[in-house]
Amino acid sequence: MQIQNLTFFCGKDLGIGQVNYPPAFVDCIRADNDLGKLRIHQMEYNFREIEDRWQRRWKEERIYQVSNNSSKPKYYVLDMFPYPSGAGLHVGHPLGYIASDIYARFKRLQGFEVLHPMGFDAFGLPAEQYAIETGQHPALTTAKNIANFKRQLDRIGFCFDWSREVNTSDPQYYRWTQWIFLQLYDSWFNRSHQRAERIAGLIHIFETEGNLNQECPGDSSLHFSSGEWKTFGEKRRQGILMDYRLAYSGVGEVNWCEELGTVLANDEVINGVSERGGYPVVKKKLRQWYLRITEYAERLLSGLDTVNFSQSMKDMQTNWIGKSRGAEILFDLRVPGKEESKDIPELKVYTTRPDTIYGVDFMVLAPEHELVGQITAESKEKEVAAYLDYVNSRSERERLAEKAISGCDTGAVAINPFNSREIPVWISEYVLAGYGTGAIMGVPCGDERDHRFARHFHIPVTNILGDQYTGLEANPTKTAVLSNSDFLDGLVMTDAIETVIQRLELDGTGRRRVNYKMRDAAFSRQRYWGEPFPIVWEDGIAFPLKDGELPLELPHVEHYQPGPEGEGPLANISEWTDRNLETSTMPGYAGSSWYFLRYMDPHNEQAFCSREASDYWGQVDFYIGGTEHAVGHLLYSRMWTKALFDLGYIGHDEPYKRLVNQGMIQGSSRLVYRQKGTGLFVSAGKLASGAGPDLPYDTLHVEVSLVDGVSLDMEAFRHWKPDYQEARFITEDNGTYICGTESEKMSKSKYNTVSPDDIVDKYGADTFRMYEMFLGPVELSKPWDTKGIEGVYRFLKKFWRMFYSEDGKWLVTDAGAALEEWKILHRTIKKAAEDTERLSFNTAVSQFMICVNELTALNCHDKGILSPLLVTLAPYAPHISEELWRKMGHESTILDTPYPAYQESYLKEDQVNYPVAVNGRTRTEISFPAGTDHANMEQEILQNGIVRKWLAGKQPKKIIIVEGRMINVVV
RNA sequence: GCCCGGGUGGCGGAAUUGGUAGACGCGCUGGACUCAAAAUCCAGUGGUAGUAAUACCGUAUCGGUUCGAUUCCGAUCCCGGGCACCA
């Protein structure tokens, strides 16, 4: 028996009250009668010592380093890398990391070379906000936070290959973010080839044929011949090219957040306020950088068919892209008083329902529509101007909050190209400038909004739906038979759509058109803590820096205040402005759009990632992260991958083969109820029964660690905050104070965070890992509940007992195992392997528990059983497995062992118990030797007393025997 | 409003292809060990009736298909997530 003597600082007292030693650790400690001496029995399951030792050894032995030159098949397991916030990790964060870690270890045991890296998405707003408040440089706080994150992660025992760590704010990393940006800048999307190509090729096309075959994505009305191109000056040419580039600068309406002092991408704005901080967001016209992600809409959509994402994830992306099919229709315009004017252009509308063309009763333009000024009749000018003022006065938020019907007649009329009917043209804010053509045809009988609009302004409604239209509300059906529609009369609407489109194209009054909701992504931020753009402005022309000038390093600044006229802090620095460098920086998603590629070849100084490396590792086989990135990061990184693929830098055009979204672990908050304006706290039970005083109450969050279950430690509560020193309580009749509970997001301010550090301290990393998995399916969101962890902890202690006796003797023998034991082992291997493969980690943990319960009952200590069992457990509980594995005499890590194969022969039973049902209702059970002929079984079933009783003399119609499962006698 | 998920004991959840519903864990109850506590171990634990064997009911509700439905189909209710004037 090995005993370590330690001098313990708290003397005779075990110190449980004083230092609050975790119960699990106290288990391993027995007090000696000698003063101040404690004995630690190493043979108890001393997870602290085991975990510390192996974490150190693993690091020294570099067992997690993977090679790019392996002959093994590759497997790439990736976590969404974290933003290193100052708050550190709470128990919710590691959920996905544990799942991926188990899977990565499992794949390694199965013989794959597994890339499982980790890094940090280190640029972003919070670090900069913190810098503004405290003056601490973001680089400093970021480095500090990263160190803390790494420490926390390492304690959980992840198999990350830290030699491949990336940090998006490291110049050696963002040098390549800048480089990729320049590749996008130097590219355009060739629509006929459906892929990105170099700008040089586009210039060549312009020189030979103009842009007649290459519609300009930035300005569809732009047409020029090769001859015209040659006459254009440099500035004009660059302006045109800019309208084609995949990364481009342009003036546009952006989401401006005054509080944050920057623009935001559409997915960073939720209900008119910023995602981070919840500040109001307004539309503003600004010169910005954009990514022309809209050009990839079709490929982003079709690519979803080739990847394994959850249905909801695919739906979210599909909805965000928002593809719709319809037609563009041209209407001639007439403006009273401007009859003869020839410069009134046609009005172009987009509709998904060209079949309703005879039901058009009015047109509506977005207030921002470019034609509004030209077509407003003189008599209406005042009203239109007043309406535009009204629209401008309303913030985005107000518009979203109260969708009041408003609008103004412009006095102009549009001519229906099919029947020459004159239709009034209105403007209204319910029509969005940014979608379609910014103008719609109003069909009140078939569209709810159009109907409300027509009603509100007393526009007569034409019925083209026959009796399908009641006159009271619109009917958006697609299956009605058209009436009042001239040549379409009698056609079903769905068929009429095609008929109308063909007619429009024949007459030249319109064309088929596909539309997308998705807009180009705003790519610049007026902030400091991001990648600088490698762009120099000269005379309004953007010039990219050369490869040799990268990285363009972020300069050191003293202050983080915004620059003049909405520019970023970089505009305050003369060394920056003197060089005419772009003063905005890239958004948070820039660095995360390609980091999975950098992990493959992290130290390459010649390229962002060598082609050999990306060809070897290829797609991420298994990607895990939260749903919140559904339309941001995932779409952007898919686009970057496609562009890099098009340009020949990588060999695959979808980054992630399989995506799993882990659920959130919510905090379980505890609430106390204080009578308003007093120090009197009323217990939840008393409050609910109405026994408390009936003044209004404040509901306050209380630190969860002060509450055992729901009962509050009142003494600790008084000491918690000075405010509560004088707290008085109205308790339940048994003297306890019961708290209210609520499941909500873990956050410091709600005092409901639980740190993985505390759990690992108390129970160890292996228990923590298995418990998080045991809670339920990874995809599921669930509240954290520390109580249940005891069950998993008991399991590991029980497991330990199979190897060590209570007094520390090594129990493992070579004696050989009984058949029953082998059966248990092979069943466990099969189940654990299958469950792990299908990511059902919770049921795999259950299986281990069953196995250990059964083997313990059989008093099993055989090496032949325990060895393979350790290997199957290794992905879940790596420390204890490694410890016992090496104790068994193995020199190298358990991870280099092949995953055990199960033998089918052990899974077969000699006797099979069949439940016997009569008409589906289970009556009894009959046992047959495995493989009994069905005909023989039938005989025996009919002779069975209970079955005979149930048949009551009747002949069964048929007997259904489901092999190995059940027997049903149908009467 | 629209689009996805989902609804199973006191709780988290299991049931992989339509085949014994409630695995495993927590909690609870009783017991063993102990001067005592902790830890550990054993037994019980969906509901109703019964000493018991057992019987009946039971996977949100109603209906359908089937020898047999938590599983498939239809309707309704509720919960969660996403989108939301997208023409």
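We name chains A, B, ... by the order of the sequence lines, and we start the count at 1 in each one.
- If Asp835(A) and Gly788(A) are placed on RNA chain B by their nearest nucleotide, the residue sitting closer to the 5' end is Asp835(A).
- In Glu473(A), the CD atom is not crowded: 12 or fewer heavy atoms of neighbouring residues, nucleotides or ligands sit closer than 6.0 Å.
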Would you check, one step at a time, whether the test salt bridge (Lys or Arg N to Asp or Glu O under 4.0 Å) holds for Asp355(A) with Arg353(A)? CA-CA 5 Å; Asp355(A) 53 313; Arg353(A) 299 297 301 278; 3.0 Å; yes
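- Leu780(A) comes within 4.0 angstrom of the backbone, heavy atoms only, and of no base.
- Judged purely by atom type and a 3.5 angstrom limit, Lys323(A) has no side-chain atom pairing as donor or acceptor with the backbone of Thr318(A).
- Phosphate contact (OP1/OP2 of U40(B), side-chain N/O of Arg794(A), threshold under 4.0 Å): present.
- Listed candidates were C26(B), G12(B), C24(B). Nearest to the side chain of Leu775(A) is G12(B).
- Listed nucleotides: G25(B), A14(B), U40(B). Nearest to the side chain of Met849(A): G25(B).
- When distances are taken from the side chain of Tyr430(A) to each of G19(B), C85(B), A14(B), the shortest belongs to C85(B).
- Asn919(A) comes within contact range of the sugar-phosphate backbone alone, with a heavy-atom separation under 4.0 Å but no base atom that close.
- Each of A15(B), G13(B), A39(B) was ranked by its minimum atom distance to the side chain of Lys797(A); first place goes to A39(B).
- Taking the six-membered ring wherever Trp is involved, the centroid distance between the rings of Phe848(A) and Tyr876(A) falls below 6.0 Å.
- In RNA chain B, runs of at least 3 consecutive Watson-Crick or G-U pairs, each pair with both distances below 3.5 Å, span B:1-7 with B:77-83, B:10-12 with B:24-26, B:27-32 with B:40-45, B:46-49 with B:54-57, B:60-64 with B:72-76.
- Checked by distance alone, Lys831(A) brings a side-chain donor or acceptor within 3.5 Å of a matching partner on the base of U16(B).
- Across the interface with RNA chain B, nearest-nucleotide mapping of Val969(A) and Pro783(A) shows Pro783(A) to be the residue nearer the 5′ end.
- Side-chain proximity of Asp315(A) to the nucleotides C3(B), U16(B), A23(B) is greatest for C3(B).
- Note on ring orientation: taking the six-membered ring where Trp is involved, the planes of Trp426(A) and Phe457(A) are tilted (angle from 30° to 60°).
- At the heavy-atom level, Leu432(A) lies under 4.0 Å from base atoms of the strands shown.
- Contact annotation: Asn853(A) reaches the phosphate of G25(B) (side-chain N/O to OP1 or OP2, under 4.0 Å).
- For the pair Tyr435(A) and A87(B), the criterion of a side-chain N or O lying under 4.0 Å from OP1 or OP2 is met.
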